[in-house]
Peer 1: 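Before I ask anything, let me first share the structure, which is written out below as structure tokens.
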Amino acid sequence: MLLKLYLKDVKVLLSDKKGLMIFILMPMVLTTILSFALSGSFGEAGRMEPVRVAIVKNYDVAAEQAQFMETASQFISGEGAEPMTLDESFDMEKVFFETFLGNDAVKAILDPVVMTAEEATKALENDTLGVVVTLPEGFIYDQYVNFILPNRNPIDVQITQHPDYGYSGQIVESVFGSYFDTLNNRIISKNVYLEVGSTYLTSEKLFASMQDILSETENEPVENAIVLKNIPGKKVINSFTYYAISMMGMFILYSAGYMGRELLREKKMLTLDRGVVAGIHYGRVLAGKYLMTTTLCVLQMSALIGYAALILKVDWNEPVKILVGILFSSFAVSGVGVFISAITLTADNYRVANVFENLLIHVFALIGGSYIPLDVLPNLFQTLKYFALNGIVIDLFLDTYQNAAWDAMLPEYGMLLGIAIVFTGLAALIIRRKEVTEFEGTITS
Amino acid sequence: MIIAEQLRKNFGPLEAVSGINLEIPKGQIVGLLGPNGAGKSTTISMISTLYKPTSGKLYFEGKDIIKEPKWIKPHLGYVPQEIALYQSLSGYENLKYFGGLYGLSGGELKKRIEAVSEIIGINERLKDKVEHYSGGMKRRINIGVALLHSPKLIIMDEPTVGIDPQSRNHILETVKRLNDEGMTVIYTSHYMEEVEAICQNVYIMDHGKVIASGTQEALIDQSDSHTAIHLKFEGEVTSHFDALKKLDNVMAVNRVSDNEVGILASGNGNSQKEIIKSILAMDLGLVSFDVTRPNLEQVFLKLTGRGLRD
Ligand SMILES: Nc1ncnc2c1ncn2[C@@H]1O[C@H](COP(=O)(O)OP(=O)(O)O)[C@@H](O)[C@H]1O
Ligand SMILES: [Mg+2]
């Protein structure tokens, strides 16, 4: 029976060609226009933004330099050589921060800030930061040792990252990896130089043959372990992606609006009465309409996502996450829709549905970020968006687009599911009451 | 088939139906005649189990349908007062959907749709959207939808409102034919002519009460000492209603059109003559008049002092 109600509702929906055009084509048109109009103010498609990286120093430069000097002098002592000094060019910290992190190519990928461990943890939690790189105690000392002395001390750099930041973990890992590779190569050559070269060869000859030695070497490089705790990715959001998502968030609200009129419409058309005479309960009618709205919403979202992929070249890879996002969003929209519908039916006029469509949707569009990205608005809006269904949907799909981990999107899934359950539950209660009052005639219209 | 005892329905402070008794015998067409707001729709909504009566009893084939509406539901065809159809779907889709609600499906449903579309006389345009149908066709589909599950009882709430005479006749004939085939019909209308044309028994309702009931003949016999005079004037006469009402032996005045009125007169032929004389003396431009035996309209007029369509 539910299936019959549902199929009828879908048929009625599909028979409204003009309505469907608005539901399906309008968001496409608006997405296209807004994307092109505002493409200048967004990042470039397909490129990465530099990942904000916090550098936490767990070492003490002065102490470790002093400690190294001491160790070094034990090694070199007795040869009567001049006492060792570390000149500027040999400052390991400077090498790391200026030569390595200050390099233009690295700067395009990483945006480092030095923080304390607490600050970094907080920033990570607040979402203002993607990755934390912790340089361990002995970082400086061990590098000196590895670089100058025959010993090799492993260096344990720890990389912690926010689950939302998908690719950045890999990027940071590989960038740091390459730094330590370079360092290892130098260490190897250092060893060759120390063990063989310095005694028999001139430094030029030694340097010339170094490449061969390095490429053939079977020396195990030092295990400078980089412990990666989480690896997702962060793609740049360009205007096409943003507006495809934000228009989708906004236009699915119109599905809720459409649903908002449905029950009263059936009541006024007397088709509801006809169903009741045939033995249909309001709850069934509501369920059928809920599913119809879900269908409409899924249709809308799939159409826009498909359009964005094919025409606007938005690269959503993550079909499963997209699909799950569509479903959760549609459930929530349908919940809001049946809720509006239940109130509208009880009120016996379309005021609530009208206010929703003509006023509330635009308010939601604004605070949810459908018109303007919320990043450019005051911080208050970052919180406010969670009061707008489209805000949550946009949040979810931006995360999905950037391939965030499942658990990172749990709050959004939870909120959408919560909206779906709460509003559908309320609608069911309201409708049940209405059914009784209608039957008993305790409400005068 | 249906028995209602002291059936009452309040909407808040408003008493829409105030304790009526009905008896609908099996195999009859029973008319519920009354002006707008008389409580006809409310009454049949209670029989259709759409509304729960405030008090009273209601039986279908001896079973209490207030307590257990399920006894009547499968046997009842309900034709609402307005077109209760999905306008953007085709006639066929509407029939299919509503038939489905009664558990019909597959070949059985198809056969019933064919049979019903033959009864209501719509075949070739069944695939068109209802919104493109004429008023008469919509009304016919509206009835057809209620016939799919071959109900024992069909309740029609003013099924001919707002349609052309041809469609109206077709509908009346359909009702008669269904009745000939054994279907019991409750027919609600504020058109006296329709009720006169098809109903064996009539309940006349006003202000939530049954003010008269019985066969047409019995009802008319009640007003036999009365006559109806139909008067036609040159111009507009509505402004003279009060003057007309004040004439001796005039019981009620009923507007037919701007320049036509019906008068219900008491007494014998002499009193009628007096009335005509007085009207001529008023110099209102009387064009013609004729005196008829009363019909249901006049019965209502006599009982309430108002016309059915005032
Ligand atoms: N659902 C309702 N709520 C409140 N009043 C109603 C309702 N339905 C009908 N009424 C009132 O009850 C009275 C009888 O109405 P109705 O049964 O529709 O008369 P009819 O069908 O004879 O025109 C009218 O005054 C009408 O306004
Ligand atoms: Mg009515």
Peer 1: Given the options B/Ala146, B/Pro74, B/Gly100, which has more heavy-atom pairs under 4.5 Å with chain A than any of the others?
Peer 2: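 The residue among B/Ala146, B/Pro74, B/Gly100 with the greatest pair count is B/Gly100.
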Peer 1: Less than 4.5 Å to any heavy atom of chain A: does that hold for the side chain of B/Lys9, its backbone, both, or neither?
Peer 2: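 The side chain, not the backbone.
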Peer 1: For chain B, which of A/Leu270, A/Val276, A/Thr271 has the most heavy-atom pairs under 4.5 Å?
Peer 2: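 So the answer, after comparing A/Leu270, A/Val276, A/Thr271, is A/Thr271.
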Peer 1: With a 4.5 Å cut-off on heavy-atom pairs, point out which of B/Pro80, B/Gly103, B/Ala16 contacts chain A the most.
Peer 2: B/Pro80
Peer 1: Hey, which of A/Lys268, A/Lys4, A/Arg274, A/Lys11 has the most heavy atom pairs under 4.5 Å with chain B?
Peer 2: A/Arg274
Peer 1: Show the nearest heavy-atom pair for residues B/Gly34 and B/His190, with the distance to one decimal.
Peer 2: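 That would be O-CB, 3.1 Å.
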Peer 1: Taking the ring of A/Phe240 and the ring of A/Tyr307, is the distance between their centroids below 6.0 Å?
Peer 2: no
Peer 1: Between B/Tyr78 and chain A, which part of the residue has a heavy atom less than 4.5 Å away: side chain, backbone, both or neither?
Peer 2: both
Peer 1: Tell me which of these, A/Lys8, A/Glu266, A/Met1, has more heavy-atom pairs under 4.5 Å with chain B than the rest.
Peer 2: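 Between A/Lys8, A/Glu266, A/Met1, the count favours A/Lys8.
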Peer 1: Please determine, by modelled atom types, if B/Gln28 and B/Asn201 share a side-chain donor-acceptor pair under 3.5 angstrom.
Peer 2: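 The criterion, which ignores hydrogens and geometry beyond distance, is satisfied for B/Asn201 and B/Gln28.
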Peer 1: Name the member of B/Leu89, B/Asn94, B/Leu76, B/Thr42 that forms the most heavy-atom pairs with chain A at distances under 4.5 Å.
Peer 2: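 Result: the option with the highest number of such pairs is B/Leu89.
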Peer 1: A/Arg265 pairs by side chain to side chain contact (heavy atoms under 4.5 Å, CB included) with which of A/Thr344, A/Val12, A/Leu345, A/Leu272?
Peer 2: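 Between A/Arg265 and the candidates, side chain to side chain contact (heavy atoms under 4.5 Å, CB included) is satisfied uniquely by A/Val12.
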Peer 1: Does any heavy atom of chain B fall under 4.5 Å from the side chain of A/Met269, the backbone, both, or neither of them?
Peer 2: both
Peer 1: Is there a donor in the side chain of A/Ser15 and an acceptor in the side chain of B/Tyr86, or the other way round, less than 3.5 Å apart?
Peer 2: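 No, no side-chain donor-acceptor contact under 3.5 Å.
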Peer 1: Within the distance-only criterion (no hydrogens, no angle test), does the side chain of A/Thr294 pair as donor or acceptor with the backbone N or O of A/Tyr290 below 3.5 angstrom?
Peer 2: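 Yes.
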Peer 1: Among B/Thr49, B/Ile72, B/Ile3, find the residue that satisfies the side chain to side chain contact (heavy atoms under 4.5 Å, CB included) test when tested with B/Phe60.
Peer 2: B/Ile72
Peer 1: Side chain, backbone, both or neither: which part of B/Asn142 has an atom under 4.5 Å from a heavy atom of chain A?
Peer 2: both
Peer 1: Does A/Ile305 offer a backbone N or O that forms a donor-acceptor pair with the side chain of A/Trp316 under 3.5 Å?
Peer 2: yes
Peer 1: Among B/Val79, B/Thr54, B/Leu85, who wins on heavy-atom pairs under 4.5 Å with chain A?
Peer 2: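 It is B/Leu85.
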